> 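Supplied in structure tokens, the structure appears directly below.
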Amino acid sequence: WQGLAQDELSNMPFKAPEAPKCPSCAKSVYFAERVNALGKDWHKTCLKCEKCKKTLAAGSFLEHSGKPYCQTPCYESTFGPGGFGHGGTESHKWK
């Protein structure tokens, strides 16, 4: 390909597929660095809890409005019934 002009390369019968974009950083996600979650491809280091920013693994988080959350304490305290502890003196609600 080194001897071909740019316009000759653009006329080639194939085009390499474009890598999907990470929903967190908007950069290309290549196969070796990919984790699929929430129906999208993420960089392994970009899949983080929306609240505490802890790095998450595929399948080890909960989703709310299309955003990933770690189950404990972020999801439970934010969206659970009255926060975690479920009422009483041990109940906490993050804001």
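This is a predicted model, so every value here is computed, not measured. For this chain, numbers begin at 1 and follow the sequence in order.
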> Decide yes or no for Glu63 and Pro68: does some side-chain heavy atom of the first lie under 4.5 Å from some side-chain heavy atom of the second?
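With C-beta onward as the side chain, the pair stays apart.
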> Checking Ser24 now: which residues fulfil side chain to side chain contact (heavy atoms under 4.5 Å, CB included) with it, not counting sequence neighbours?
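So Ser24 forms a side chain to side chain contact (heavy atoms under 4.5 Å, CB included) with Cys22, Trp42, Cys46.
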> Mind checking the SG-CD spacing from Cys70 to Glu50? Nearest 0.5 Å is all I need.
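If we round to the nearest 0.5 Å, Cys70:SG and Glu50:CD are 11.5 Å apart.
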> Using side-chain heavy atoms (C-beta onward) and a distance below 4.5 Å, is Lys21 in contact with Val29?
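No. Closest side-chain heavy atoms not under 4.5 Å.
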> Looking at every non-hydrogen atom in both residues, tell me the closest pair between Ala58 and Asn36 and how far apart they are.
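Closest approach of Ala58 to Asn36, heavy atoms only: CB-O, 3.7 Å.
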> Which heavy-atom pair separates Lys44 from Thr55 by the least distance, and what is that distance?
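Smallest interatomic distance, heavy atoms only, reads O-CG2, 3.6 Å.
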> Give me each pair satisfying salt bridge (Lys or Arg N to Asp or Glu O under 4.0 Å) with a member in residues 24-38, each pair once, sequence neighbours excluded.
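Non-adjacent pairs meeting salt bridge (Lys or Arg N to Asp or Glu O under 4.0 Å): Arg34-Asp41.
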> If a pair satisfies ring pair (Phe, Tyr, Trp, His ring centres under 6.0 Å) and one of its residues is in residues 44-77, list it, with sequence neighbours excluded.
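Checked against ring pair (Phe, Tyr, Trp, His ring centres under 6.0 Å) - neighbours excluded - the pairs reaching residues 44-77 are His64-Phe79, Tyr69-Phe79, Tyr75-Phe79.
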> Ala19: what forms a side chain to side chain contact (heavy atoms under 4.5 Å, CB included) with it, not counting sequence neighbours?
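Ala19 satisfies side chain to side chain contact (heavy atoms under 4.5 Å, CB included) with Ser28, Tyr30 only.
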> Could I get the full list of side chain to side chain contact (heavy atoms under 4.5 Å, CB included) partners for Gln71, not counting sequence neighbours?
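In terms of side chain to side chain contact (heavy atoms under 4.5 Å, CB included), with neighbours along the sequence ignored, Gln71 is linked to Leu62, Glu76.
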> Nearest 0.5 Å, please: how far is OG1 in Thr78 from NZ in Lys51?
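OG1 of Thr78 is found 3.5 Å from NZ of Lys51.
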> What are the two closest heavy atoms between Ala37 and Leu47, and how far apart are they?
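That closest heavy-atom pairing would be CB-CD2, 3.9 Å.
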